[in-house]
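Below, all heavy atoms of this structure are taken into account, side chains as well, without hydrogens, waters or symmetry copies.
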Amino acid sequence: MKDSNQILKLIADCKRNNQKAQLKVYELYYKAMFNTAYRIVNDFDDAEDVMQEAFIKAFDKINSYQSESTYGAWLKKIVVNEALGFLRKNKKFKNVGLELLDKDMIEEPTEEIDFSKIQVNNVLKALREIKENYRIIISLYYIEGYDFEEIQEIMQISYANARTMLSRAKAKLKQKLVEEYGFSKKHF
């Protein structure tokens, strides 16, 4: 757990271009930010590059940080935007229009999922194997905790498309888990 007073002092030191403070901030946050980048870009080396670029941007823009949100949340937003920018720049990211989605996927499934038999490693492996947009939206919504309004802004899609894409992504992830790990339909 990071002490908020310690973070605020480090941020103040970073605003004065104190490199030791920057290193300390990096040490406190790099693992979490790497994991965020990795879940989006799905490649170790690319995630490392994205994370490094995000830290550089964060330190360059440190004076714009206001303590309205936690520093970690502010930094995570930079990492997410940098990762999505990386995907767009490398043409690994494609927007999916509503016209390409099945009409039966527009409604949220109402069934409850029993996760008691599913191991986290299986879910993460299946998540890495599904389509890029699906992996990103599941990561943003369920792992990073962004709401639909934030996702539509980050992914530059409509609110309806964000909801539809999440629904379809969940269905694909469920299908992958059934195919790869033999989970029966009753687990979902």
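- In this structure, Ser167 contributes its side chain and Arg163 its backbone to no donor-acceptor pair below 3.5 Å.
- The shortest distance between side-chain heavy atoms of Lys57 and Glu82 falls below 4.5 Å.
- With Tyr134 as reference, Arg168 is the one residue of Lys172, Lys176, Arg168 to meet the side-chain hydrogen bond (donor to acceptor under 3.5 Å, both in side chains) rule.
- Across Thr36 and Val79, no two heavy atoms sit closer than the pair CG2-CG1, 4.0 Å.
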Starting from the C-alpha separation in whole Å, work towards a yes-or-no answer on side chain to side chain contact (heavy atoms under 4.5 Å, CB included) for Lys76 and Val80.
CA-CA 6 Å; Lys76 184 186 284 187; Val80 167; 4.3 Å; yes

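- The only member of Leu177, Asn42, Ile143 that meets side-chain contact (heavy atoms from CB on, under 4.5 Å) when paired with Leu127 is Ile143.
- A 4.5 Å side-chain heavy-atom check between Glu129 and Arg135 finds every atom pair outside the cut-off.
- Within the 4.5 Å cutoff, side-chain heavy atoms of Glu27 are placed close to those of Leu23.
- Taken from CD in Gln19 to SG in Cys14, the straight-line distance is 10.5 Å, to the nearest 0.5 Å.
- Between the CG atom of Leu84 and the NZ atom of Lys89 there is a distance of 13.0 Å, given to the nearest 0.5 Å.
- With values rounded to the nearest 0.5 angstrom, Ile138 atom CD1 is found 12.5 Å from Lys131 atom NZ.
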Determine, stepwise, if the pair Leu140 / Met155 fulfils side chain to side chain contact (heavy atoms under 4.5 Å, CB included).
CA-CA 10 Å; Leu140 291 175; Met155 295 185 73; 3.9 Å; yes

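- Here the straight-line distance linking atom CG of Asn63 with atom CZ of Arg16 works out to 11.0 Å at 0.5 Å rounding.
- Between Ile11 and Tyr65, the closest heavy-atom pair is CG2-CD2, 3.8 Å.
- Between Val123 and Leu173, the shortest heavy-atom contact is O-CD1, 4.1 Å.
- Taking the six-membered ring where the residue is Trp, Trp74 and Tyr71 present tilted rings, their angle falling between 30° and 60°.
- Of all heavy-atom pairs between Ala162 and Ile137, the closest is O-CD1, 3.2 Å.
- A donor-acceptor pair shorter than 3.5 Å can be found between the side chains of Tyr142 and Lys170.
- Aromatic ring centres of Tyr141 and Phe148 lie closer together than 6.0 Å.
- Figure legend: cation-pi geometry between Lys31 and Phe34 absent, as NZ or CZ is not positioned both under 6.0 Å from the six-membered ring centre and within 45° of its axis.
- For Glu150 and Lys77, the salt-bridge test fails: no basic side-chain N is under 4.0 Å from an acidic carboxylate O.
- Minimum interatomic distance between Phe55 and Val25 (heavy atoms only, all atoms of both residues): CE2-O, 4.3 Å.
- Within the 4.5 Å cutoff, the side chain of Ile157 has no heavy atoms near those of the Asn133 side chain.
- One distance of note links CD1 of Ile40 with CZ of Phe86; it measures 12.0 Å at 0.5 Å rounding.
- Once rounded to the nearest 0.5 Å, the distance linking NZ of Lys24 with CD of Gln6 reads 5.5 Å.
- Taking 4.5 Å as the limit, every side-chain heavy atom of Gln52 sits out of range of all side-chain heavy atoms of Tyr30.
- Residues Met33 and Leu75 come closest through the heavy atom pair CG-CD2, 3.7 Å.
- Inter-residue side-chain proximity for Tyr146 and Ile154 is flagged as met; some heavy-atom pair is nearer than 4.5 Å.
- Residues Val41 and Asp49 fail the side-chain proximity criterion, which asks for heavy atoms closer than 4.5 Å.
- Counting only heavy atoms from C-beta outward, the side chains of Arg128 and Arg39 never approach each other to under 4.5 Å.
- Counting non-hydrogen atoms of neighbouring residues, nucleotides and ligands closer than 6.0 angstrom, the NZ atom of Lys61 reaches no more than 12 such neighbours.
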